[in-house]
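Remember, it's 1-based here, ligands and their atoms both numbered in the order they're listed. All values reported here derive from a predicted model rather than from experimental measurement.
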Amino acid sequence: MHTRRDFIQKLTGSLIALQISPALVTAGCNNIIVPYDGPLLRVAIIGLGSYGTRVAEAMKDCKKAKLVGVISGTPSKIKDWQAKYNIPEKNCYNYENFDQLKNNPDIDVVYVITPNALHKDQVIRVAKAGKHVISEKPMSINAKDGQEMIDACKKAHVKLLVGYRMHFEPKTLEIIRMRKVGELGKVLFFQGLCGFTIGDPTQWRLNKQLSGGGSMMDIGIYAINGARYMIGEDPIWVTAQETKNNPEKFKEGVDETIQFQFGFPGGAVASCLSTYSMNNLDRFFLNGEKGYAELYPSTGYGPIQGRTSKGELTQPHVTHQTVQMDEMAGIILEGKQPVVPVDGEEALKDLKIIDAIYEAVKTGKKVDLKL
Ligand code: NDP
């Protein structure tokens, strides 16, 4: 009689014999482990900083995506990553020579995880090298640059995706499902509170040349994007007000705190806050005629927690970046359609809204949006 242990031992033996990478999936309710034998997305990361490291670690558990290359300005990091992730020398580049990616058939996609203002040129260079590209958020520092990135990727016939990891998060997706099937009734209000107290005043996030702005570019974008996927519409107007208590730390063009409001075509309104000067601000609240949904925390690395008028949300915690990269492999390699888009056009809408928020702050006027 064949036992489950025999089966798994045989399976492991076959895997070794076949030299298949140990990408295993648990199938069905009997926890039978089966190998994943579909296509593998081979990824290189540009910018081996704090978030790049998080993505690389999370990718160890991916079954459809694998870290195979690096692009960095710091030779010592390249050596460390080569050793840690078994990256061959031929897949290592610096900022001067990464256009040579065009001659490397072993890399499918490059994930840009550098300071915001660098995304545009790097994404365009990657596209010109004929590789698909994932950009971190914000895709760029204004809508004009974002459009140029989209155009360059279209011209090069490569896909452009943006690291919107919440678009794959199970509790977030459950609220979107509830709203779509009408369990919340007509949605009338969204509140998005996003912020943290930022430290070191010399970091790139507080340098307009590299960040393109302040808290809005970095963390406020979660409330903007969240308002859109929670309500399921794009806003048609925005108003915004800035508060700056520390002009020493938050220099000209680097916003400290902005409150902003949206109006939506279906009649809903949103009220949001983006700040670099308050902790414990990571909360979404969605209110409809038949019910509500709340996430707190709503966009941190998790576990995301929340409840709706039907009770606690119990979907499992997942490592966001692992799921994101597996899902993006499906999008790039198999043309899979995500529930909420993660493409350049989706990111461009957020950039148009950010431009409009800065304009509303400057003019004190309501700004109409056409997304
Ligand atoms: P870090 O400062 O930790 O890392 C950025 C890396 O970019 C550096 O380590 C460096 O890597 C490279 N780099 C190239 N040029 C410069 C430069 N002039 N100044 C500083 N670094 C440079 O930043 P994060 O990793 O926190 O953020 C990177 C991007 O990821 C941002 O766009 C941010 O918005 C986004 N992000 C997204 C998150 C999400 O949850 N989706 C979370 C956190 C960040 P090297 O030495 O290898 O060249």
Side-chain angles (χ1 to χ4, degrees), residues 44-59 67 69-82 84-85 87 91-98 110-123 125-126 133-142 145-146 149 161-169 172 194-196 198-226 254 274 276 282 297-302 304 318-325 327-328 342 346-347 350-351 354:
I45 291 181
I46 307 191
L48 315 183
S50 149
Y51 195 63
T53 302
R54 185 176 285 275
V55 171
E57 283 299 297
M59 280 182 67
L67 177 66
V70 288
I71 297 137
S72 169
T74 313
S76 60
K77 287 190 201 168
I78 296 184
K79 285 276 160 260
D80 289 351
W81 281 50
Q82 277 192 270
K84 201 164 179 194
Y85 303 108
I87 294 171
N91 288 357
C92 298
Y93 299 87
N94 58 41
Y95 296 116
E96 284 71 47
N97 68 12
F98 75 81
V110 176
Y111 194 163
V112 176
I113 318 186
T114 51
N116 308 340
L118 308 182
H119 297 174
K120 177 193 164 190
D121 284 351
Q122 291 171 346
V123 164
R125 282 174 66 188
V126 170
V133 54
I134 304 170
S135 168
E136 249 320 311
K137 44 59 57 178
M139 183 168 78
S140 65
I141 55 170
N142 57 54
D145 287 0
M149 293 158 84
L161 306 183
V162 178
Y164 286 124
R165 61 187 160 77
M166 300 316 296
H167 293 200
F168 306 105
E169 194 282 318
T172 304
C194 295
F196 63 95
I198 197 158
D200 180 9
T202 65
Q203 64 184 286
W204 68 259
R205 281 182 167 77
L206 298 177
N207 171 349
K208 186 172 160 63
Q209 294 301 323
L210 287 169
S211 63
S215 75
M216 185 60 64
M217 287 284 172
D218 192 31
I219 191 83
I221 191 169
Y222 286 95
I224 295 171
N225 194 250
V254 178
S274 164
Y276 264 160
D282 183 8
S298 56
T299 65
Y301 300 135
I304 300 301
V318 295
T319 302
H320 298 173
Q321 297 79 9
T322 308
V323 175
Q324 174 199 317
M325 292 310 292
E327 290 296 322
M328 286 187 167
V342 285
E346 165 77 6
D350 288 343
L351 294 172
I354 291 176

Heavy atom of the protein closest to [atom] (residue, atom name, distance):
atom	answer
atom 9 (O) of ligand 1	Lys77 NZ, 3.0 Å
atom 21 (N) of ligand 1	Pro115 CG, 3.6 Å
atom 34 (O) of ligand 1	Lys137 O, 2.8 Å

Going from CD1 on Ile198 to CG on Leu206, what distance comes out if it is rounded to the nearest 0.5 angstrom?
->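 With rounding to 0.5 Å, CD1 (Ile198) is 4.5 Å from CG (Leu206).
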
Purely on distance, is any nitrogen or oxygen of [X] under 3.5 Å from one on ligand 1?
X	result
Pro138	no
Glu136	yes
Gly73	yes

Going by the atom numbers of ligand 1, which of them fall below 4.0 Å from some non-hydrogen atom of [X]?
X	value
Arg205	23 (O), 24 (P), 26 (O), 27 (O), 33 (C), 43 (C), 44 (C)
Gly163	41 (N)
Thr74	45 (P), 46 (O)
Leu118	14 (C), 15 (N), 16 (C)
His119	32 (O)
Ser72	45 (P), 46 (O), 47 (O), 48 (O)

Examine the proximity of ligand 1 to [X] and report which part, side chain or backbone, both or neither, has a heavy atom under 4.0 Å away.
X	answer
Trp204	side chain
Tyr222	side chain
Arg165	side chain
Arg54	neither

From the options [options], select the one whose nearest heavy atom is closest to [atom].
atom	options	result
atom 42 (C) of ligand 1	Tyr164, Tyr301, Trp81	Tyr301
atom 28 (C) of ligand 1	Thr53, Ile141, Ile113	Ile113
atom 31 (C) of ligand 1	Asp218, Thr114, Val70	Thr114

Show your working on salt bridge (Lys or Arg N to Asp or Glu O under 4.0 Å) between Glu327 and Arg165 and close with a plain yes or no.
-> CA-CA 10 Å; Glu327 290 296 322; Arg165 61 187 160 77; over 6 Å; no

With the side chain counted from C-beta on, respond yes when [X] and [Y] share a heavy-atom pair under 4.5 Å apart, and no when they do not.
X	Y	value
Leu48	Asp80	no
Met216	Ile224	yes
Ile141	Met217	yes

Short side-chain donor-acceptor distance under 3.5 Å, [Y] and [X]:
X	Y	result
Glu136	Tyr111	yes
Tyr164	Glu169	no
Ser298	Asp282	yes
Asn225	His167	yes

Only counting residues at least two apart or in another chain, list the ones meeting salt bridge (Lys or Arg N to Asp or Glu O under 4.0 Å) with Asp218.
->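 Asp218: salt bridge (Lys or Arg N to Asp or Glu O under 4.0 Å) contacts with Lys137, Arg205.
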
Indicate the atoms forming the closest heavy-atom contact of Ser274 with Ile219, along with that distance.
->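 Heavy-atom minimum between the residues: OG-CG2, 4.2 Å.
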
Does Tyr95 come within less than 4.0 Å of ligand 1, judged by its heavy atoms?
->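 Heavy atoms of Tyr95 do come under 4.0 Å of ligand 1.
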
